[in-house]
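What you see is a predicted model; the values in this text were computed from it and never measured. Values reported hereafter were calculated over all heavy atoms of this structure, with side chains retained and with hydrogens, waters and symmetry mates removed.
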Amino acid sequence: MLRIYNTLTRRKEKFVPREGKKVGMYVCGPTVYDYPHIGHARTYVAFDIIVRYLRFKDYDVKYVVNITNVDDKIIKRANEAGEEPLKLADRFEKIFFEDMQALGIEKADAYPRVTEHIPEIVALVRKLIENGCAYEIEGDVYYSVEKVGKYGALSRQSLKEMMAGARIEVDERKRYPMDFALWKKAKPGEPSWQSPWGRGRPGWHIECSAMLMKHLGEQFDIHGGAVDLISPHHENEILQSEGATGKKPFVKYWLHTGFLKVEGEKMSKSLGNFITVRELLQKYDSNSFRFLVVSAHYRSPIDFSYGSLEKSKKSLERLLNTAEFVKTFKEGQSNLGNLLKKARKEFEAAMDDDFNTPQALAALFDFSKEVRKLKCGSREVVAQTSDFLKSALNIFGILVREKEIPGEAKRKLTEVAKKFGIRVEGEVIESIVKAREELRKKKDYKTSDEIRAELQKIGILLENEEEKTVWKIISL
RNA sequence: GCCGGGGUGACAGAGCGGUUAUGUGGCGGACUGCAGAUCCGCAUAUGAGGGUUCGACUCCCUCCUCCGGCCCCA
């Protein structure tokens with residue numbers, strides 16, 4: 001039984017979708033005005049894992065992530081760069097997709113863009129005005145917060161408290177200081193669209209309401225985002241959506257991921273600790289990063305450092321080794337079947353408990369340790385073990401790579417074989433390993449160590465196990 | 001100030017009212033020609049103070065402290 005922590009109620013609840021196995025899920029996507037950073041990566045990896053697990057549990061998930069491609073920051077950045085705002089957005093949207101793919105994030109079912117939903121947004125704003133939830137002043141439209149029965153369903157803050165802490169000067173024309181813009185009147189040179197209130201563009205919050213209504217309906221199951229979006233973004237989404245449709249609750253489960261800090265500090269340009277996804281992936285592969293993400297609960301903050309990333313890489317290595325090791329099992333009787341059953345159960349129980357990935361990971365490590373003590377199992381169970389490790393890691397989006405030597409390394413291998421006068425039959429690597437075995441039998445350790453050193457330069461590590469030598473590719 | 005979430009061993013990071021989390025690293029041992037991998041063992045902990053309890057890291061209160069939100073932000 002899957003249980004999920006709901007920000008709305010501040011407790012774990014049984015997960016029951018509105019309709020059978022169907023799950024509508026929306027996660028606030030990026031504003032595309034710069035390179036994605038590792039904070040984005042954490043959030044989208046976390047939700048990627050949640051979606052994968054839901055699908056693993058046979059839920060029929062429709063996953064929607066929006067793309068905000070018009071907004072103040074985009075316009076500002078474009079003006080600085082002397083670029084068309086929409087072009088700049090387009091450029092960074094492509095980069096966003098590239099980076100997400102590089103992180104092994106599965107495609108969402110839809111990526112609605114704000115610019116492609118202007119009619120829906122206008123219609124929604126109009127409806128809110130008709131409902132008396134919003135009002136227009138000189139081409140701007142504001143949501144009227146004052147009439148709302150209770151504000152702060154998610155953030156648990158009253159309007160008064162919010163205002164007390166507010167650090168901005170308010171627009172005098174607004175009826176109430178906390179009223180927020182649904183439609184912004186166009187300034188010269190800004191991208192704008194025709195509307196009943198003149199040319200303008202959507203406010204930040206309304207786009208989400210409009211797009212998710214279109215793609216997921218007026219009510220749906222899961223809405224996610226990082227914690228910083230709780231207030232005011234998600235708060236306002238609730239007001240707009242429920243204000244327009246009168247249907248409650250607009251969203252059944254609200255999920256929020258914890259923030260990623262870099263060495264104890266919030267990532268920011270001014271601190272100079274801003275790490276982009278590209279930068280990260282130049283130094284480490286996505287598996288290592290995903291392991292780091294998975295080793296903390298999705299709601300907990302992560303304190304990123306290259307040191308902890310290095311540790312993640314090493315830890316993961318252990319699991320990958322076991323996945324490889326089990327393939328060498330001989331046919332025979334063992335306790336493997338029972339261990340597997342237990343591991344499956346523990347893994348799933350951990351994930352069912354609000355996607356507790358650190359605990360799920362612990363189950364895998366426990367399993368790994370037990371498997372290591374065995375040498376055999378029935379062919380069927382061995383295959384299942386291999387599948388289990390693979391699919392469990394796959395839920396985390398960690399790929400168990402096939403052992404394949406890259407083309408360039410293969411060429412170099414042939415050179416090594418030639419250098420040591422090894423006759424190649426079949427796979428080059430196998431021939432080298434075999435030849436080296438012979439050398440070792442003859443106690444020619446000098447030559448065999450040289451061979452090992454040569455291969456290591458190419459990125460292949462030889463390990464002498466009890467009865468045979470195994471080789472593996474040293475990852476990034 | 002107000003709201004939310006934390007403070008666990010060298011580090012990362014979970015669970016649980018009473019029994020080893022787990023991983024990385026360290027130390028000792030086994031295996032090994034060496035390296036690596038692997039196994040066994042050891043050490044280091046629950047921010048402070050109260051309370052509830054037979055018993056609290058786990059529940060309650062106070063304090064200290066950190067992070068986040070209240071303009072923008074994944």
Side-chain angles (χ1 to χ4, degrees), chain A residues 7 10 27-31 33-34 36-47 65 68 71-73 76 152 154-170 178 180 204 224-233 235 256-261 264-268 291-292 294-297 299-305 307-319 321-322 324-325 349-350 353 356-366 368-373 440 443-446 448-449 452-453 456 461-466 469-470 472 474:
Chain A
T7 310
R10 310 264 173 203
V27 168
C28 284
T31 299
Y33 71 102
D34 205 344
H37 53 65
I38 57 177
H40 295 110
R42 193 268 164 106
T43 300
Y44 298 117
V45 164
F47 283 113
V65 175
T68 298
D71 106 318
D72 294 348
K73 285 191 298 294
K76 187 173 169 235
L154 270 181
S155 66
R156 313 232 155 166
Q157 286 244 81
S158 71
L159 279 171
K160 261 188 194 161
E161 288 160 353
M162 303 264 299
M163 276 160 55
R167 273 173 276 165
I168 43 147
E169 29 185 310
V170 289
M178 294 306 288
F180 55 92
W204 176 36
V227 274
D228 60 320
L229 294 181
I230 293 176
S231 173
H233 186 56
E235 203 76 78
H256 292 96
T257 53
F259 242 57
L260 178 140
K261 294 180 294 174
E265 305 206 68
K266 187 173 173 174
M267 226 183 338
S268 76
F291 188 95
L292 178 69
V294 155
S295 63
H297 185 86
R299 285 190 278 121
S300 303
I302 287 182
D303 192 0
F304 178 90
S305 70
S308 56
L309 193 56
E310 181 63 29
K311 280 201 287 190
S312 295
K313 182 183 159 185
K314 287 210 167 123
S315 306
L316 174 59
E317 196 69 25
R318 188 183 182 81
L319 252 23
N321 281 345
T322 302
E324 199 57 43
F325 174 73
D353 183 16
N356 192 334
T357 52
Q359 195 152 48
L361 217 43
L364 295 185
F365 278 109
D366 284 337
S368 170
K369 181 166 273 186
E370 294 305 317
V371 167
R372 277 288 178 173
K373 295 176 193 169
R440 289 185 63 231
K443 300 210 194 266
D444 182 355
Y445 297 122
K446 190 165 170 278
S448 67
D449 284 356
R452 186 169 62 195
Q456 201 149 354
L461 184 69
L462 294 182
E463 293 178 343
N464 302 339
E465 297 267 341
E466 275 174 53
T469 301
V470 298
K472 65 182 182 192
I474 308 165

Provide the distance between the two [atom1] atoms, one in [N] and one in [M], to the nearest whole Å.
N: G49(B); M: C64(B); atom1: C1'; value: 10 Å
N: A14(B); M: A21(B); atom1: C1'; value: 6 Å
N: C42(B); M: G47(B); atom1: P; value: 25 Å
N: G25(B); M: U38(B); atom1: P; value: 9 Å
N: C61(B); M: U24(B); atom1: C1'; value: 38 Å
N: G15(B); M: U46(B); atom1: C1'; value: 13 Å
N: A56(B); M: G51(B); atom1: P; value: 11 Å
N: G69(B); M: A74(B); atom1: C1'; value: 14 Å

Expressed as a whole number of angstroms, how long is the span from [X]:[atom1] to [N]:[atom2]?
X: K261(A); N: C66(B); atom1: NZ; atom2: P; result: 11 Å
X: H256(A); N: A74(B); atom1: NE2; atom2: P; result: 13 Å
X: L364(A); N: U24(B); atom1: CG; atom2: C1'; result: 17 Å
X: R299(A); N: A14(B); atom1: CZ; atom2: C1'; result: 12 Å
X: H233(A); N: C73(B); atom1: NE2; atom2: C1'; result: 11 Å
X: F180(A); N: C72(B); atom1: CZ; atom2: P; result: 11 Å
X: L229(A); N: C70(B); atom1: CG; atom2: P; result: 10 Å
X: Y445(A); N: U32(B); atom1: OH; atom2: C1'; result: 9 Å

Ignoring the backbone of [X], work out which of [options] is nearest its side chain.
X: S231(A); options: C70(B), U24(B), C73(B); value: C70(B)
X: P358(A); options: G23(B), G13(B), C70(B); value: G13(B)
X: M178(A); options: A74(B), G25(B), C71(B); value: C71(B)

Mind checking if [X] touches a base, just sugar-phosphate, or nothing, with heavy atoms under 4.0 Å?
X: K443(A); answer: nothing
X: T7(A); answer: nothing
X: H37(A); answer: base
X: Y44(A); answer: sugar-phosphate
X: P232(A); answer: sugar-phosphate
X: N356(A); answer: sugar-phosphate
X: S295(A); answer: sugar-phosphate
X: D366(A); answer: sugar-phosphate

Taking N or O atoms only and anything under 3.5 Å, show me the protein contacts with nucleotides 58-61 of chain B, one pair per line.
none

request  = Please figure out whether R10(A) or K311(A) has its closest RNA chain B nucleotide nearer the 5' end.
outcome  =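 Its nearest nucleotide lies further toward 5', so the answer is R10(A).
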
message = Heavy-atom nearest nucleotide on RNA chain B for D303(A) versus L316(A): which residue maps closer to 5'?
response =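 With D303(A) and L316(A) compared, the 5'-side residue is D303(A).
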
From [atom1] ([X]) to [atom2] ([Y]), nearest 0.5 Å:
X: W204(A); Y: T68(A); atom1: CH2; atom2: OG1; result: 8.0 Å
X: F304(A); Y: M267(A); atom1: CZ; atom2: CE; result: 9.0 Å
X: I38(A); Y: L260(A); atom1: CD1; atom2: CG; result: 5.0 Å
X: T322(A); Y: L364(A); atom1: OG1; atom2: CG; result: 10.0 Å
X: T469(A); Y: N464(A); atom1: OG1; atom2: CG; result: 4.5 Å
X: Y445(A); Y: R440(A); atom1: OH; atom2: CZ; result: 6.5 Å

ask   = Do the charged groups of K472(A) and E324(A) touch, with an N to O distance under 4.0 Å?
value =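 No, no charged N to carboxylate O under 4.0 Å.
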
ask   = Do NZ/NE/NH1/NH2 and the carboxylate oxygens of R452(A) and D449(A) come within less than 4.0 Å?
value =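 A salt bridge links R452(A) with D449(A).
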
Considering only heavy atoms from C-beta outward, does the side chain of [X] approach that of [Y] to under 4.5 Å?
X: K369(A); Y: R318(A); answer: yes
X: K373(A); Y: V371(A); answer: no
X: Y44(A); Y: P30(A); answer: yes
X: F259(A); Y: I302(A); answer: no
X: S315(A); Y: F365(A); answer: yes

Should [X] be listed as having a side-chain N or O under 4.0 Å from OP1 or OP2 of [N]?
X: W204(A); N: C73(B); result: yes
X: S308(A); N: U24(B); result: no
X: S300(A); N: A14(B); result: yes

key: Whether F365(A) stacks on the six-membered ring of G23(B) base, 5.5 Å and 30° limits   =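 No, aromatic ring not over the base.
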
ask   = What is the minimum heavy-atom distance between A226(A) and T257(A), and which atoms define it?
value =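 Closest heavy-atom pair between A226(A) and T257(A): CA-OG1, 3.3 Å.
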
key: Shortest non-hydrogen separation from A350(A) to A360(A) and the atoms involved   =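 Result for this residue pair: CB-N, 3.4 Å.
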
inquiry  = Could you spell out the base pairing of RNA chain B as a dot-bracket line? Use Watson-Crick and G-U wobble contacts where both distances are under 3.5 Å, [ ] for crossing pairs, | for partners on a different strand.
reply    = (((((((..(((.....[...))).(((((.......)))))....(((((..]....))))))))))))....

request  = Report, as a single string ordered 5' to 3', how protein heavy atoms within less than 4.0 Å touch nucleotides 34-46 of chain B: B base, S sugar-phosphate only, - not at all.
outcome  = BBBSSSS------

